[in-house]
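What you see is a predicted model; the values in this text were computed from it and never measured. Just the heavy atoms: all of them, side chains too, but no hydrogens, waters or symmetry mates, feed the values below.
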Amino acid sequence: MTSKLSSGGDDDDEMSRRSYQLLALDFTSREATRLACEQNGFILQDEYDNATKWGTVEQIQLIDPKGRSLGTPYDSLTDVVDSWKPGLGFHFVVKGVQAKGMDY
């Protein structure tokens, strides 16, 4: 898919692949965090106004389809992007989430 997005050669294709994978990791982490907040009576504050500052993801642990840990945890999404493949699960810790209580 990325080869059709870029005609600049292998380096551009690799950069496109990494960018899309990083976006997918970030979106998935943010969405899981949003749902966890909602389940605990909170909503992410300004989650779409400032999407790059929603929290700090760390201790990313890749998991296989049977739920087993793969390797050691990674320190950031940027560090894990080359090892993660779409469809591969991961656990993570997120810090610095700005959330506010839901008004019921």
*Can any side-chain N or O of E58 pair as donor or acceptor with the backbone N or O of Y74 at less than 3.5 Å?*
no
*Distance from Q59 atom CD to T72 atom OG1, nearest 0.5 Å?*
11.5 Å
_Heavy-atom count check: over 12 atoms from other residues, nucleotides or ligands less than 6.0 Å from K85 NZ?_
yes
*Shortest non-hydrogen contact from S29 toward F92*: O-CZ, 3.5 Å
*Side-chain ion pair, E14 and R18, N-O less than 4.0 Å*: no
*Start with the C-alpha distance between L62 and S69, add both sets of side-chain angles, then the distance that settles side-chain contact (heavy atoms from CB on, under 4.5 Å), and finish with yes or no.*
CA-CA 6 Å; L62 297 177; S69 296; over 6 Å; no
*L88 pairs by side chain to side chain contact (heavy atoms under 4.5 Å, CB included) with which of I63, V80, L70?*
L70
_Within the supplied structure, the quantity of interest is the number of heavy atoms (other residues, nucleotides, ligands) at a distance under 6.0 Å from D79 CG; does it exceed 12?_
yes
*Find out whether W84 and L77 are in side-chain contact, i.e. whether some heavy atom of one side chain is under 4.5 Å from a heavy atom of the other.*
no
*asked:* Could you report the tightest heavy-atom contact between F42 and G101, atom names first, then the distance?
replied: CD2-N, 3.7 Å
*Is the shortest heavy-atom distance from the side chain of K100 to the side chain of I43 under 4.5 Å?*
yes
_Quick one, D12 and M15 - any side-chain contact, counting heavy atoms below 4.5 Å?_
yes
*Examine distances only and state if a side-chain atom of Q21 and a backbone atom of V81 form a donor-acceptor pair shorter than 3.5 Å.*
yes
_Side chain to side chain, R30 and L44, heavy atoms closer than 4.5 Å_ = yes
*Can you see which heavy atom on S76 is nearest to which on I60, and at what distance?*
C-CD1, 3.3 Å
*Decide yes or no on side-chain contact (heavy atoms from CB on, under 4.5 Å) for Q61 and V93, but give the supporting numbers first.*
CA-CA 9 Å; Q61 178 66 62; V93 172; over 6 Å; no
*Rounded distance [0.5 Å steps], CZ in F27 versus OH in Y20*: 15.5 Å
